[in-house]
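Before any comments, here is the structure.
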Number of protein chains: 2
Amino acid sequence: MNQQLKLASRPKGTPQPSDFLLESNPVPVLKDGEVLVKTIYISIDPAMRGWMNEGKSYVRPVEIGEVFRAVTAGKVIESQHPDFQEGQYVTGIWGVQEYAAVKGKELLKVDAKSLPLHTYIATLGMTGLTAYFGLLDSGQPKAGETVLVSGAAGAVGSTVGQIAKIKGCKVIGIAGGEDKCNYCVHELGFDACINYQTEDVRKALKAIAPEGIDIYFDNVGGELLDIALQQIRFKARIVICGAISQYNNTEPVKGPANYLSLLVNRARMEGIVVFDNFARYGEAAKEMAGWLLEGKLQSKVHIEKGIENFHPTLLKLFSGKNFGKLILQVSEE
Amino acid sequence: MNQQLKLASRPKGTPQPSDFLLESNPVPVLKDGEVLVKTIYISIDPAMRGWMNEGKSYVRPVEIGEVFRAVTAGKVIESQHPDFQEGQYVTGIWGVQEYAAVKGKELLKVDAKSLPLHTYIATLGMTGLTAYFGLLDSGQPKAGETVLVSGAAGAVGSTVGQIAKIKGCKVIGIAGGEDKCNYCVHELGFDACINYQTEDVRKALKAIAPEGIDIYFDNVGGELLDIALQQIRFKARIVICGAISQYNNTEPVKGPANYLSLLVNRARMEGIVVFDNFARYGEAAKEMAGWLLEGKLQSKVHIEKGIENFHPTLLKLFSGKNFGKLILQVSEE
């Protein structure tokens, strides 16, 4: 049998257990050109919250009764496609289920020997590529510039900070908790990290970066965006990657009251979505795999287990209780 | 004697008459290299409100007791500089006063025969150049795109819309009043204009531009920016030129709650200040003078008279009671 997690209703505010339904259905039978994959790892991402909402966004919403969309890694069990054989490791977007029949052209073969399999849905997957393209294309960091990143210990933020260090920038993180801040500074090599749970972020930022901020990579939104706007320099770039502080709002989103700092500083605020760079995924993943193998880039994962734990695992993203790229493991490698 | 308008105190909210002081002082005596100019026209600009505030902005604030800063046009009365002779027309930034001794290098000679003198502080001055560089450099309009501009009948907005038409765009204005909207459509050639005083801007915009907005040139801020953000297209550009709805706020500025539309649409919001393009003023003014002479670009001025009327004239900007580039005339040509 195949356990499948489906969207049962559109959450208002924080998703509730009743918004999802775990169903047991027969393992699908392959058609020509399809591959049967057994899911091992499921990437748990903030973007999932947006996919639960109705209406226009950068991808279509998940429909009620549909298997919930997720980036996934697994193993080929059976193949009706000439390019895939049993036992091969693959990644794709086949969703929160134990098995799936996927068209061969929607799968990517990965080498799970040189790097752990989950790396391909973490640093070398959507999250790492978001960091790569967002920072390099939209942020355009130059050596010597000061880069601020929120959600600094998170999957995207930690990669942003490390790539900024590779590019010769001064890097300041904002994270929730002393352990996360210590990790950013002592393990990832950030120049500083502000613990928003205990520090006055505005004051701390002024003290650490009296020169101001050239790039702010925002994963959080809300008050942190306003504080960053106050501290930007001439021709600064703000990369809007996400706003996790606002995703479960039932009240209107808090807009950045200090947005006129863009005018004073001739600065730019730009939204980015990784999918736009599809044609360059290979090139980017190759460069990042090189950095991983050289030890210049570290990838921390936080693995939870069991498809039945999808809901509590997802909530860790919004409470900040994960430490590292959040992954749900639903079978052994 | 020389009447000079000085800043008496920093306004809180809407400037009051008591925030200014009109003083009579002797006409200055020239030093070597200086030119005595008699002021004819004074440009009244929204930016003036910002110059009254203390603290960091894109130019230093006007100090208490200082002649209030303004872009000016006038006539040479006497010269101790080899490049200037009595009777020549000049522009500069010598402030709200009837006479000034100005260094020759801070003056620009203008040809007041082919175009009216006030054109040089209107369409060919700071306001016109703001429109030119803001739209062309930051907005980057392409033929066939849809451009929305607020403050559409104003000095900057009317020029933005006309340049966008020259570039082959569909142009929609937002203005306050039927006469202003008629002017935009019937005299300036805009495709449409929404009267925010009587229409539901959101609905009107959806009806007029169901395809969405590629460029929003914002002079107003507040709710209009939020409405525009809801209607932007993929890779849209929002040019933040000003936020006149917010300048006299005593409460915090209203941030754009819909800013995450930048993320969904991979759009950009950028602040612009005309001074950054100083090196290209000549090139831009030459191109715009050509458009003026060819009749492709129209320049409407709203002239008030008398240096003693500086305060009520300034307030017209914020109440939207001016119609055309607002200019204070303090002597005859």
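Below, each value reflects all heavy atoms present in this structure, side chains not excepted, and no hydrogens, waters or symmetry copies. To find a chain, count down the sequence lines: A is the first, B the second, and so on, and within it residues start at 1.
- In this structure, I121(A) and K325(A) have side chains that are not in contact, with every pair of non-hydrogen atoms separated by 4.5 Å or more.
- One N or O on the side chain of R266(A) and one on the backbone of V264(A) form a donor-acceptor pair closer than 3.5 Å.
- Residues of residues 270-280 of chain B lying under 4.5 angstrom from chain A, judged on non-hydrogen atoms, are E270(B), G271(B), I272(B), V273(B), D276(B) in numerical order.
- Nearest heavy-atom pair across L135(A) and A164(A) is CD2-N, 3.6 Å.
- In terms of modelled atom types and a separation under 3.5 Å, the side chain of R69(A) and the main chain of W51(A) share no donor-acceptor contact.
- Q16(A) places a side-chain N or O within 3.5 Å of a backbone atom of T14(A) that can act as its donor or acceptor partner.
- Using a 3.5 Å distance cut-off with no hydrogens or angles, the side chains of R202(B) and Q230(B) do pair a donor with an acceptor.
- Contact annotation: the side chain of P15(B) never approaches that of M48(B) to less than 4.5 Å [non-hydrogen atoms, C-beta and beyond].
- Residues of residues 208-229 of chain B lying under 4.5 angstrom from chain A, judged on non-hydrogen atoms, are D218(B), G221(B), G222(B), L225(B) by number.
- Under the 3.5 Å distance criterion, the side-chain polar atoms of T127(A) are matched with a main-chain donor or acceptor of A122(A).
- For R10(B) and E63(B), the salt-bridge test passes: some basic side-chain N is under 4.0 Å from an acidic carboxylate O.
- Listed for the N258(A) side chain is no donor-acceptor partner under 3.5 Å among the backbone atoms of S261(A).
- Of the atoms belonging to I240(B), heavy atoms from both backbone and side chain fall under 4.5 Å from chain A.
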